[in-house]
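Along the sequence shown, residues are numbered consecutively beginning with 1. All values derive from a computational prediction rather than experimental measurement.
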Amino acid sequence: MSGTEHCETTRYTAPKEAYALAPSILSEIGWTTRTVAETECFDELEREYYLRKAALLDRIALLDEPDALSDGDATETAHAAALMLLDLDRPHLAAHLAAQGEKDPRGYVRQQYDRQAACVCDDPGEGPCFLHPDR
């Protein structure tokens, strides 16, 4: 086994898997809107907000780009939101993970959403579960 095999880029979670249990797009639009509306001016939003917003925009773009050849507004917006999340996380990432995220920012969002959903749902005492917001 050569040393480069450990440096291979890991595949990110597929959209269907990452968002399998996600609330509806309409529900997430409501959550992101309420969160911004309830936040005082100049207050920083939590990472959860940026993750959920990026995932929401990714899901919308996936509906807008079924052939994956289009590069419309939804795709550009999802990409920008993914880069914002990556930039927020960058100080906490190893260099190779940040580089991997730069190659596929929306894949990074899917991976983080999938991981966060598993963590939050496994420990209901840690705060609200964003996959089951009514719990």
Side-chain angles (χ1 to χ4, degrees):
M1 185 182 305
S2 72
T4 58
E5 290 178 31
H6 295 290
C7 295
E8 295 288 325
T9 301
T10 305
R11 289 190 176 267
Y12 284 127
T13 308
K16 191 172 185 174
E17 182 182 330
Y19 304 131
L21 300 174
S24 71
I25 287 175
L26 190 56
S27 174
E28 287 296 273
I29 290 171
W31 184 88
T32 55
T33 302
R34 279 189 310 278
T35 300
V36 169
E38 294 169 357
T39 302
E40 295 289 328
C41 288
F42 305 110
D43 280 356
E44 285 189 38
L45 293 164
E46 299 285 327
R47 179 185 186 270
E48 177 187 7
Y49 170 80
Y50 293 103
L51 174 59
R52 288 177 70 171
K53 180 180 175 183
L56 168 63
L57 293 170
D58 183 46
R59 292 169 64 199
I60 292 170
L62 288 166
L63 293 173
D64 193 47
E65 60 188 31
D67 59 4
L69 298 175
S70 61
D71 221 14
D73 291 343
T75 301
E76 291 176 16
T77 304
H79 185 82
L83 287 174
M84 180 145 186
L85 178 68
L86 182 60
D87 286 344
L88 183 68
D89 289 352
R90 191 178 308 276
H92 311 287
L93 293 175
H96 73 282
L97 295 176
Q100 181 180 340
E102 288 171 10
K103 291 178 184 174
D104 184 3
R106 289 174 59 195
Y108 177 77
V109 168
R110 293 172 195 143
Q111 178 194 48
Q112 294 301 305
Y113 189 89
D114 191 37
R115 286 182 177 175
Q116 182 68 24
C119 291
V120 173
C121 287
D122 286 346
D123 187 0
E126 271 303 304
C129 170
F130 62 79
L131 293 182
H132 309 100
D134 297 328
R135 284 188 183 173

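In this structure, E76 has no side chain to side chain donor-acceptor pair (under 3.5 Å) partners at least two apart in sequence or on a different chain. By the side chain to side chain contact (heavy atoms under 4.5 Å, CB included) test, T32 pairs with Y49, K53, L56, sequence neighbours left out. In this structure Y19 satisfies the ring pair (Phe, Tyr, Trp, His ring centres under 6.0 Å) test together with Y113, sequence neighbours excluded. Taking A37 as the reference, nothing meets the side chain to side chain contact (heavy atoms under 4.5 Å, CB included) condition, with sequence neighbours excluded. For D104, there are no side chain to side chain donor-acceptor pair (under 3.5 Å) partners two or more places apart in sequence or in a different chain. Remark: R110 engages D58 in a side chain to side chain donor-acceptor pair (under 3.5 Å) (not counting sequence neighbours). Residues satisfying the side chain to side chain contact (heavy atoms under 4.5 Å, CB included) criterion with S24, sequence neighbours excluded, are L26, S27. Legend: residues meeting side chain to side chain contact (heavy atoms under 4.5 Å, CB included) with D89, ordered by chain and number and at least two apart, are R47, L85, L93, Y108, Q112.
Side-chain contact between T13 and R115 is absent, with no heavy-atom pair separated by less than 4.5 Å. Taking the side chain as every heavy atom from C-beta outward, P105 and H79 approach each other to under 4.5 Å. Counting heavy atoms from C-beta on, the side chains of L63 and I25 come closer than 4.5 Å.
Atom-to-atom distance recorded for K16:NZ and L62:CG is 12.5 Å, nearest 0.5 angstrom. Here the straight-line distance linking atom CG of D64 with atom CZ of R59 works out to 14.5 Å at 0.5 Å rounding. Separating the OH atom in Y12 from the CD atom in Q100 is a distance of 3.5 Å, to the nearest 0.5 Å.
Remark: E46 does not engage R52 in a salt bridge, criterion side-chain N to carboxylate O under 4.0 Å.
Among residues at least two apart or in separate chains, there is no salt bridge (Lys or Arg N to Asp or Glu O under 4.0 Å) pair with a member in residues 35-44.
When all heavy atoms are compared, the tightest approach of V36 to L45 is CG2-CD1, 4.4 Å. Nearest heavy atoms, A74 versus A61: O-CB, 3.5 Å.
Between R106 and the options L57, T75, L86, L83, a side-chain contact (heavy atoms from CB on, under 4.5 Å) holds for only T75.
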